[in-house]
Amino acid sequence: MSMEGSVALVTGGSRGIGRAVCLELARRGAVLAVNYAGGEDAARETAEACRALGAHAEIFQADVSGPEACEALINAVKERFGKLDILVNNAGVTRDGLLMTAKAEDVDKVLDTNLKGTYFCMKAAVRLMSRQRYGRIVNLSSVVGLRGNPGQTAYAASKAGVIGLTKAAAKELAARGITVNAVAPGFIETDMTAVLPEKAKNAMLTSIPMARPGAPEDVALAAAFLAERASGYITGQVLCVDGGMAV
Ligand code: NAP
């Protein structure tokens, strides 16, 4: 498979799953726009690693939790590379806690970043993609968005929202050559899950038929598959990468 000549933007491409997605797309020949919010050094490392694979890669700072920043990010990529073929909405945050004691600002942060960030990056990107009559959008959801998880009500709502958004946009954009799909990871070893208490990690492991966590590269392969030109007859789908967790 080849992405030669395609321009790809990965939000939150600086670390974890986003970095692995950048590297997989770079390996397939895409030009990479690596977005980050605050971790400039990590973003530079990702871009450098993409270049080591022979790809062109540049970093783009933007906090996707604001609609204007999402629009400015897409415009910056368009100005730099002239087009956008692949958008991977990967940037995400958690603010875990019980529903009864949740703080409004934490709920806002999670919904603004995970759901509205995805929404407004898509909104700006589909204007370009519609003109091109071509686009591949891959959104990061989560098994938690399908099944729920105690202590993660806002996060689960954001990730379930991403699935609704993916399906509605898939129908809206199908006739324009744009596919919209989601990847739903289970328990993947990144900074996001490293902070979980041992008890929570063990509880998670017992719910995975494969009895082990996944790696960012496992998710990257699924995202890259959906971002391929050849995957053009697949849209509105949610692909779980979870060792069987959601089965
Ligand atoms: P991570 O290691 O915590 O990395 C998060 C990435 O998102 C970083 O690159 C971070 O960049 C970026 N980011 C955060 N807030 C942002 C913002 N407002 N604007 C732009 N970028 C922002 O997370 P991860 O585990 O790789 O997760 C990636 C995605 O997969 C998330 O959407 C997450 O919800 C989803 N997911 C993860 C798991 C898992 O088990 N790890 C499971 C299911 C779903 P900076 O460092 O620059 O802030």
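Being a predicted model, the structure only gives us computed values, none of them experimental. Each residue takes its place number in the sequence, starting with 1. What's counted below: heavy atoms across the whole structure, side chains too, no hydrogens, waters or symmetry copies.
Counting Ile, Leu, Val, Met, Phe, Trp and Tyr side chains that sit under 4.5 Å apart, directly or through other members, Met245 shares a hydrophobic cluster with Val143, Phe187, Leu196, Met204, Leu205, Ile208, Met210. The other members of the hydrophobic cluster of Ile163, by chain and number, are Leu146, Val238 (side-chain heavy atoms under 4.5 Å, ILVMFWY only). Apart from Met100 itself, the hydrophobic cluster it occupies contains nothing, where clustering links Ile, Leu, Val, Met, Phe, Trp and Tyr at side-chain heavy-atom distances under 4.5 Å.
The environment of Lys83 atom NZ is dense: over 12 non-hydrogen atoms of other residues, nucleotides or ligands sit within 6.0 angstrom.
The ring-ring contact (aromatic ring centres under 6.0 Å, His included) analysis of residues 206-247, with sequence neighbours excluded, yields no pairs. For residues 50-68, the pairs satisfying side chain to side chain donor-acceptor pair (under 3.5 Å) are Glu48-Arg51, His56-Glu58, Glu58-Arg80, Asp63-Ser65, with sequence neighbours left out. Applying the ring-ring contact (aromatic ring centres under 6.0 Å, His included) definition to pairs two or more places apart or across chains, none involves residues 140-162. Among residues at least two apart or in separate chains, side chain to side chain donor-acceptor pair (under 3.5 Å) pairs with a member in residues 142-154 are Asp96-Gln152, Asn149-Gln152.
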Please tabulate, for the side chains in residues 30-44, all donor-acceptor contacts under 3.5 angstrom to protein atoms that are two or more places apart in sequence or on a different chain.
residue, atom, partner, partner atom, Å
Asn35, OD1, Gly12, N, 3.0
Asn35, ND2, Phe60, O, 3.1
Asn35, ND2, Ala62, O, 3.1
Glu40, OE2, Arg44, NE, 3.2
Glu40, OE2, Arg44, NH2, 2.6

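Under the rule for a side-chain hydrogen bond (donor to acceptor under 3.5 Å, both in side chains), the partners of Arg176 that lie at least two apart in sequence or sit in another chain are Ser130. For the salt bridge (Lys or Arg N to Asp or Glu O under 4.0 Å) test, no residue two or more places apart in sequence or in another chain qualifies with Arg136. Ala69 meets the side chain to side chain contact (heavy atoms under 4.5 Å, CB included) test with no other residue; sequence neighbours excluded. In this view, Arg127 and Glu71 satisfy the salt bridge (Lys or Arg N to Asp or Glu O under 4.0 Å) rule, not counting sequence neighbours.
Ion pairing between a basic and an acidic side chain is recognised when a charged N comes within 4.0 Å of a carboxylate O; Arg19 and Glu45 show such pairing. The pair Glu24-Arg28 meets the salt-bridge criterion, since a charged nitrogen lies less than 4.0 angstrom from a carboxylate oxygen.
In the model, Asn139 has no side-chain atom that pairs as donor or acceptor with a side-chain atom of Thr118 under 3.5 Å.
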